[in-house]
Amino acid sequence: MKIAVLGATGQTGQYLVNQALQQGHSVTAIVRNPGKLTVQHEKLKVVEGNIFSEDSLKPHFQGQDAVISCLGFPASFLSGVTGYTLSMRAAVNAMREAKVNRIITMTSWYTDPNSGTQSSYLIRFLLLPMIRSVLSNMFEMEHFLKKTQDVNWTIVRPPGLKNLPATGKEFLTHEGYFVPDSNGLPVGSAVGRGDVARFMLFLLNTDVWFNKAVAITTKNE
């Protein structure tokens, strides 16, 4: 397939680009600073673009089969986070103009403020408040996509991320804000970025999660 990747220079994005090329896809990496992506491949095109501008994105979306976003934005206690919603609005508008119908993006477990009540004490009272500005904007972006009816979207929600390559582990999935065990409690703690990339690329070949948000983790062998 032909894939446009946003966030290709980020940690998850680099895993995704490399795996996509290994799988034979043609990748257009739309980045702010092309010098930051050191991979070279005959099926990789690195272009400079503004993720917040549909006019900047549109020419790079032309002829693509799908857009995959691995964009991430840092937490901000003072001004709040807006990058997820602003970049997604620009991307969806550019997709409409370029006649691209498929987008896969990543957010996180616990984007809904009420979804972390069953999590551990450390996560609930230390981690989640620290990253709430990020989760809140992810939540807004998710609602924007859920109201978007003319584009096939999938939101991938991993738990904490580890900077590790892909494994062959089986995925556990749930259409919700975390993956529950048989008692309804969150199961799994962190997933390698390479596995998140692997799941996002798997979604290119199935319609099972069209217009849905899916929480994922990997099964411990």
Side-chain angles (χ1 to χ4, degrees), residues 5-7 10-13 15-16 19 66-75 81-85 87-88 91-92 102-120 122-124 127-148 151-164 166-167 169-181 183-220:
V5 178
L6 305 175
Q11 290 176 304
T12 307
Y15 281 116
L16 188 132
Q19 289 180 39
V67 176
I68 300 183
S69 174
C70 299
L71 290 168
F73 300 92
V81 177
T82 57
Y84 293 97
T85 42
S87 60
M88 186 55 69
V92 167
R102 182 80 175 110
I103 185 162
I104 299 161
T105 189
M106 58 184 281
T107 58
S108 173
W109 283 19
Y110 307 130
T111 49
D112 183 321
N114 300 315
S115 61
T117 54
Q118 301 295 314
S119 61
S120 70
L122 280 175
I123 289 176
R124 188 177 176 188
L127 176 65
L128 294 183
M130 281 172 61
I131 61 170
R132 180 48 62 192
S133 60
V134 167
L135 295 174
S136 295
N137 195 229
M138 287 177 167
F139 192 54
E140 285 179 57
M141 181 185 79
E142 291 174 348
H143 274 266
F144 168 74
L145 281 175
K146 286 173 183 177
K147 291 186 290 185
T148 303
V151 165
N152 283 323
W153 52 267
T154 304
I155 297 161
V156 177
R157 295 180 175 134
L161 296 171
K162 296 183 286 192
N163 201 22
L164 293 173
T167 67
K169 289 180 180 177
E170 182 185 338
F171 287 107
L172 300 175
T173 59
H174 182 70
E175 189 179 353
Y177 293 99
F178 58 87
V179 178
D181 64 11
N183 298 312
L185 300 174
V187 58
S189 54
V191 172
R193 293 177 184 274
D195 279 329
V196 178
R198 176 166 67 97
F199 188 82
M200 293 176 89
L201 289 168
F202 153 75
L203 291 171
L204 291 171
N205 302 308
T206 178
D207 60 2
V208 71
W209 292 107
F210 270 15
N211 300 329
K212 291 179 180 177
V214 52
I216 67 166
T217 189
T218 47
K219 193 173 185 179
N220 288 326

Worksheet entry | Any donor-acceptor N/O pair, W109 side chain to I216 backbone, under 3.5 Å | yes
Discussion item. Which label fits F199 and F202: parallel for a plane angle under 30°, tilted from 30 to 60°, or perpendicular past 60°?
Written reply: tilted
Practice prompt. In sequence, state the C-alpha distance, the side-chain angles, and the governing distance for T12 and M106, and then conclude on side-chain contact (heavy atoms from CB on, under 4.5 Å).
Written response: CA-CA 10 Å; T12 307; M106 58 184 281; 3.9 Å; yes
Worksheet entry | P113 vs R132 side-chain heavy atoms within contact, under 4.5 Å | yes
Worksheet item: Does N137 reach the main-chain N or O of V81 with its side chain, forming a donor-acceptor pair under 3.5 Å?
Response: yes
Practice prompt. Test side-chain contact (heavy atoms from CB on, under 4.5 Å) on I68 and T105 and set out the steps.
Written response: CA-CA 6 Å; I68 300 183; T105 189; over 6 Å; no
Fill in: Any residue meeting salt bridge (charged side-chain N to carboxylate O under 4.0 Å, His left out) with R198, in chain and number order, not counting sequence neighbours
D195
Worksheet item: Taking atom CG of D181 and atom NE2 of H174, what is their separation to the nearest 0.5 Å?
Response: 11.0 Å
Worksheet item: With side chains defined as the heavy atoms from C-beta onward, is the minimum distance between V156 and I104 less than 4.5 Å?
Response: yes
Practice prompt. For the residue pair F178 and Y110, categorise the inter-ring angle as parallel (less than 30°), tilted (30 to 60°) or perpendicular (more than 60°).
Written response: tilted
Response to the item:
Of all heavy-atom pairs linking G116 and L128, the shortest is CA-CD1, 4.1 Å
Item to complete: Determine yes or no for a side-chain-to-main-chain donor-acceptor pair under 3.5 angstrom, with N152 supplying the side chain and F210 the backbone.
Response: no
Worksheet entry | C70 side chain reached by Y15 side chain, heavy atoms, under 4.5 Å | no
Practice prompt. Ignoring hydrogens and angles, tell me if any N or O in the side chain of R157 forms a donor-acceptor pair with the backbone of G176 under 3.5 Å.
Written response: yes
Item to complete: Using modelled atom types only, decide if a donor and an acceptor are shared between the side chain of E175 and the backbone of A213 within a distance under 3.5 Å.
Response: no
Worksheet entry | Flag side-chain contact, heavy atom, 4.5 Å: T217 against F171 | no
Discussion item. Has Y84 got a side-chain atom pairing as donor or acceptor with F73's backbone, closer than 3.5 angstrom?
Written reply: yes
Practice prompt. Identify, with sequence neighbours excluded, every residue that meets side-chain contact (heavy atoms from CB on, under 4.5 Å) alongside A75.
Written response: S133, V134
Practice prompt. For T117, check side-chain contact (heavy atoms from CB on, under 4.5 Å) against everything at least two apart and list the hits.
Written response: R124
Worksheet item: Between N183 and L185, is there a donor-acceptor pair closer than 3.5 Å when you use the side chain of the first and the backbone of the second?
Response: no
Discussion item. Tell me if a side-chain donor or acceptor on T85 pairs with a main-chain N or O of T82 at a distance below 3.5 Å.
Written reply: yes
Worksheet item: Distance only, no hydrogens: is a donor on one side chain within 3.5 Å (strictly under) of an acceptor on the other, for T111 and E142?
Response: yes
Discussion item. Within the structure provided, determine whether V92 and L145 are in side-chain contact (heavy-atom separation under 4.5 Å).
Written reply: yes
Discussion item. Looking at every heavy atom in both N220 and K169, which two are closest together, and how far apart are they?
Written reply: OD1-NZ, 4.2 Å
Practice prompt. For V151 and R102, run side-chain contact (heavy atoms from CB on, under 4.5 Å): C-alpha distance rounded to whole Å, both residues' side-chain angles, the deciding distance at 0.1 Å, then the answer.
Written response: CA-CA 6 Å; V151 165; R102 182 80 175 110; over 6 Å; no
Worksheet entry | I155 side, atom CD1; H143 side, atom NE2 - distance, nearest 0.5 Å | 9.0 Å
Item to complete: Supply the atom-to-atom distance S136 OG to I131 CD1, rounded to the nearest 0.5 angstrom.
Response: 10.0 Å
Item to complete: Taking all non-hydrogen atoms of both residues into account, name the closest pair between A166 and Q19 and its distance.
Response: CB-NE2, 3.7 Å
Worksheet item: Looking at side-chain heavy atoms only, is the closest gap between L161 and V196 below 4.5 Å?
Response: yes
Worksheet item: Given S87 and L6, is the side-chain contact (heavy atoms from CB on, under 4.5 Å) satisfied, shown in steps?
Response: CA-CA 9 Å; S87 60; L6 305 175; 5.9 Å; no
Worksheet item: Mind checking whether F139 and F144 have side chains closer than 4.5 Å, heavy atoms only?
Response: no
Item to complete: Write down the atom of A91, the atom of I103, and the distance for their closest heavy-atom approach.
Response: CB-CD1, 4.4 Å
Worksheet item: Looking at CH2 of W209 and CG of L203, how far apart are the two atoms once the value is rounded to the nearest 0.5 Å?
Response: 9.0 Å
